[in-house]
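Lettering of chains follows the sequences in order, A, B, ..., and the numbering in each one begins at 1.
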Protein chains: 2
Amino acid sequence: MAENTADRGTTSGGRPARPDLAAMIVPLGRALMAAEQPVLDAHGLTMWAYSVLLHLDETPIRTQAALAEAIRADKTRIIAVLDDLEERKLIRRQPDPGDRRARLLSLTGEGRRLRDAVQAAIQQGEERLLAQLPAADRNGFLRGLQALSTLPELMPRKPGRETR
Amino acid sequence: MAENTADRGTTSGGRPARPDLAAMIVPLGRALMAAEQPVLDAHGLTMWAYSVLLHLDETPIRTQAALAEAIRADKTRIIAVLDDLEERKLIRRQPDPGDRRARLLSLTGEGRRLRDAVQAAIQQGEERLLAQLPAADRNGFLRGLQALSTLPELMPRKPGRETR
DNA sequence: AGAGTTCATATGCATGCGCTTACGATCTGC
DNA sequence: GCAGATCGTAAGCGCATGCATATGAACTCT
């Protein structure tokens, strides 16, 4: 399978014109997460907890399993996270009156406030980095990144099940 | 110096204009790695092994520890990887005549060939994704990404020790 | 009403990885 | 020539994660 079909794409012929995307993006992601960590620590949030806060606000979530899948966490592993968040009154976990097996998840006002504060701090740090890019590249980077992170082929949900 | 510019900064109270960078980049990195995986499997390479092949060619490496740090792997963990690559005649591991503790690492011709084949296949897949972006965004994305992945503040080497 | 399914939860297992220690061979400084 | 540092290698610990199973409550379909 070693077709060296060097049509457009990589440079025509030999050495690659750029490093692999993954080779740049994965370390970048690690660095960004490392940069977030102190902020999260300062607010007593794990990354999973922050993920939960982020996702809960965007879309009302009906079951914990759906939330787990949305943030790509293990269904059984977010339970402790939710326990903690609930105990700290950052989220609510009410049994669905229509289906008492499920727990309706929602942010409390305080949860929303914390979420906003943390996200503001994080994005402020990120902007400091983006500011080092030329404006044109920065905008292209952000647009390209947002486009790529919503590509369905790239962001495969678990095959088989629909979001209802 | 951290004053944000007039555009879509996040400091002034409102909803964020974009998701957190890490929230987009980390899943994107995962997806890219998942996309690479079949290619690597087809050639019997782990990600670490591929990392080694990539890095070995760019810069001559004198010690395994230096290589490990370069690819951000654990010093002790790449040993098995190197053993395998050497056995398959993809790399050479010669004792440095000047310092017989160290092992000079280099790619063999076959190693270089495999590296090229795998990288071509990987980048070809990546280009298929990038092709879905508008050309302007794609270029900005790539430029921004390359710029960010070389920012020293973002890509911290191990604190404390310098490359000597 | 009963079978099968879905949900939240608890638990256990295996894996991969970072970090630490140990050890023998070797190099460097004194 | 000896003490201490460095290199490669081996082994083990601990943590986070993914995957699987089990259980009890509740829901659905027939």
Query raised in the report: For B:Arg62 and A:Asp96, take the nucleotide of DNA chain D holding the closest heavy atom to each; which residue's nucleotide lies nearer the 5' end?
Result: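 Final value for this comparison: B:Arg62.
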
Requested in this report: Look at A:Arg30 and C:dG18 and indicate whether a side-chain polar atom (N or O) is within less than 4.0 Å of OP1 or OP2.
Outcome: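 No.
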
Report task. Rounded to the nearest angstrom, tell me the gap between atom CG in B:Leu105 and atom C1' in D:dG8. Result ->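 To the nearest whole Å, that distance equals 11 Å.
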
Report task. Answer with base, sugar-phosphate or nothing: what part of the nucleic acid does A:Thr63 contact at a heavy-atom distance below 4.0 Å? Result ->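 Touches sugar-phosphate only.
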
Query raised in the report: Over how many whole Å does the gap from A:Ile78 atom CD1 to D:dG18 atom P extend?
Result: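 So the two atoms are 12 Å apart, to the nearest Å.
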
Query - Rounded distance (Å) that lies between atom P of D:dA16 and atom CD of A:Gln37 - result: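 Spelled out: CD on A:Gln37 to P on D:dA16 is 11 Å.
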
Query raised in the report: For B:Leu90, does its backbone N or O pair with a side-chain atom of B:Thr108 as donor and acceptor, under 3.5 Å?
Result: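 Yes, the answer is positive, given that a donor and an acceptor are paired below the 3.5 Å cut-off.
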
Query raised in the report: To the nearest angstrom, how far is B:Arg101 atom CZ from D:dA5 atom C1'?
Result: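 Rounding to the nearest Å, CZ of B:Arg101 and C1' of D:dA5 are 8 Å apart.
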
Report task. Could you tell me the separation between the CD1 atom of A:Ile79 and the C1' atom of C:dT11, rounded to a whole number of Å? Result ->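 Taking atom C1' of C:dT11 as the reference, CD1 of A:Ile79 is at 11 Å.
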
Query raised in the report: Which atom pair, heavy atoms only, marks the closest approach of B:Arg18 to A:Leu142?
Result: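 Reported closest heavy-atom pair: CD-CD2, 3.9 Å.
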
Query raised in the report: So, is B:Arg93 near the phosphate of D:dT9, with a side-chain N or O under 4.0 Å from OP1 or OP2?
Result: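 Yes, because at least one side-chain N or O of B:Arg93 sits under 4.0 Å from OP1 or OP2 of D:dT9.
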
Requested in this report: Using a 4.0 Å heavy-atom cut-off across all strands, classify A:Asp99 as base, sugar-phosphate, or nothing.
Outcome: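 The residue A:Asp99 makes sugar-phosphate contact but no base contact.
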
Report task. Would you mind reading off the distance between A:Ile91 atom CD1 and C:dA8 atom C1', rounded to a whole angstrom? Result ->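 That distance rounds to 13 Å.
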
Report task. Specify the separation, in whole Å, of atom CG of A:Asp74 and atom P of C:dC13. Result ->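 After rounding, the gap between these two atoms is 17 Å.
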
Report task. Give a yes or no on this: more than 12 heavy atoms of other residues, nucleotides or ligands lie within 6.0 Å of atom CZ of A:Arg92. Result ->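 Result for CZ/A:Arg92: enclosed.
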
Query - Selection from C:dC7, D:dT17, C:dT9 that lies nearest to any side-chain heavy atom of A:Trp48 - result: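 My answer, after comparing the listed nucleotides, is D:dT17.
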
Query raised in the report: Would you say A:Gln64 reaches C:dT9's phosphate, i.e. side-chain N/O to OP1/OP2 under 4.0 Å?
Result: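 Checking A:Gln64 against C:dT9: at least one side-chain N or O falls below 4.0 Å of OP1 or OP2.
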
Requested in this report: Kindly say whether B:Ala22 contributes a backbone atom to a donor-acceptor pair with the side chain of B:Asp20 at under 3.5 angstrom?
Outcome: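 No; zero donor-acceptor contacts below 3.5 Å.
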
**Report entry** A:Arg77 side chain, from C-beta outward: closest of C:dC7, D:dT6, D:dC19
**Finding:**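 The closest nucleotide is D:dC19.
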
Query - Polar side-chain atom of B:Arg93 near backbone of B:Gln64 as donor-acceptor pair, under 3.5 Å - result: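 Such a contact is absent between B:Arg93 side chain and B:Gln64 backbone.
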
Requested in this report: Starting from P on D:dA16, measure out to CD1 on A:Ile71 and report it in whole angstrom.
Outcome: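 A:Ile71 atom CD1 is separated from D:dA16 atom P by 16 Å.
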
**Report entry** Nucleotide nearest B:Arg100 when distance is taken to its side chain, options D:dA20, C:dA8, C:dT26
**Finding:**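 The nucleotide sitting nearest to the side chain is C:dT26.
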
